[in-house]
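The next block holds one structure in the form of structure tokens; read it before the comments.
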Amino acid sequence: GNSVTQMEGPVTLSEEAFLTINCTYTATGYPSLFWYVQYPGEGLQLLLKATKADDKGSNKGFEATYRKETTSFHLEKGSVQVSDSAVYFCALSERALNFGKGTSLLVTP
Amino acid sequence: NAGVTQTPKFRVLKTGQSMTLLCAQDMNHEYMYWYRQDPGMGLRLIHYSVGEGTTAKGEVPDGYNVSRLKKQNFLLGLESAAPSQTSVYFCASSYGRRGGETQYFGPGTRLLVL
């Protein structure tokens, strides 16, 4: 079946550091891939998505590229801010949305 | 445009009590979902609906029932609450269910079962 594996957290970074959160997936077909973000006390909201191989999703300085050859969709940001502190979920969608377990990010001033 | 709303925001139940969680969306979406979020488990799908009057089981449906009498509302019921149902519950909706459709989430309901 389909599944998503993402790196365990928590991840703690200083402001302006480079961020990578790894995500790999297993799928039987050709899923779409997503990153959702959950800020403290809130629901999830879409951060970015990619619907086919080699697509790059980007939003708010975050980027992720759909790599079919490595079955990965790693999230990156060149310079994190304190306001990026949140939990990040990688997800894939063929028929249903399958979420990873989430990676907590804390950015300190 | 409120998006997806959930009521209540927080509830404490005793074991064996019943309750209903309400989800409403104003985006005219066909698909609606109920998830539970537990520490270290990510989000798991409880039930979903592909349209008014239809529901289907997700990954963890036991102990829950749902109804979709109106397109904009999706209710999640617990007939006899158990401590294992202590969780944060999220409702979501989407226009369709093809891969690539974005799901829009509500703010969550935190449920504590004693």
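Hydrogens, waters and symmetry mates are skipped; everything else that's a heavy atom, side chains included, is used. Protein chains get the first letters and strands the later ones, always in sequence-line order, with residue 1 at the start of each.
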Practice prompt. Answer yes or no: does atom CD of A/Glu8 have more than 12 heavy-atom neighbours from other residues, nucleotides or ligands under 6.0 Å?
Written response: no
Worksheet item: Considering only heavy atoms from C-beta outward, does the side chain of B/Gln37 approach that of A/Phe89 to under 4.5 Å?
Response: yes
Practice prompt. Kindly compute the distance separating OG1 (B/Thr102) from CZ (A/Phe34), expressed to the nearest 0.5 Å.
Written response: 5.5 Å
Practice prompt. State whether the number of non-hydrogen atoms from other residues, nucleotides or ligands found under 6.0 Å of B/Glu79 atom CD is greater than 12.
Written response: no
Discussion item. What I'd like to find out is whether the side chain of A/Leu44 reaches to under 4.5 Å of the side chain of B/Tyr35, using heavy atoms alone.
Written reply: no
Worksheet item: Counting only heavy atoms not in A/Tyr39, do more than 12 fall under 6.0 Å of its OH?
Response: yes
Worksheet item: More than 12 foreign heavy atoms under 6.0 Å from CZ of B/Arg44: is that the case here?
Response: yes
Worksheet item: If you draw a 6.0 Å radius around CD in A/Glu42, do more than 12 non-hydrogen atoms from other residues or ligands fall strictly inside?
Response: yes
Worksheet entry | Region of A/Tyr30 that comes under 4.5 Å of a non-hydrogen atom in chain B | neither
Worksheet, complete the sentence: Interatomic distance, OH@B/Tyr104 vs CG@A/Leu46, rounded to 0.5 Å, equals 7.5 Å
Worksheet, complete the sentence: All heavy atoms of A/Gln38 vs all of B/Phe90, minimum pair found to be NE2-CZ, 3.2 Å
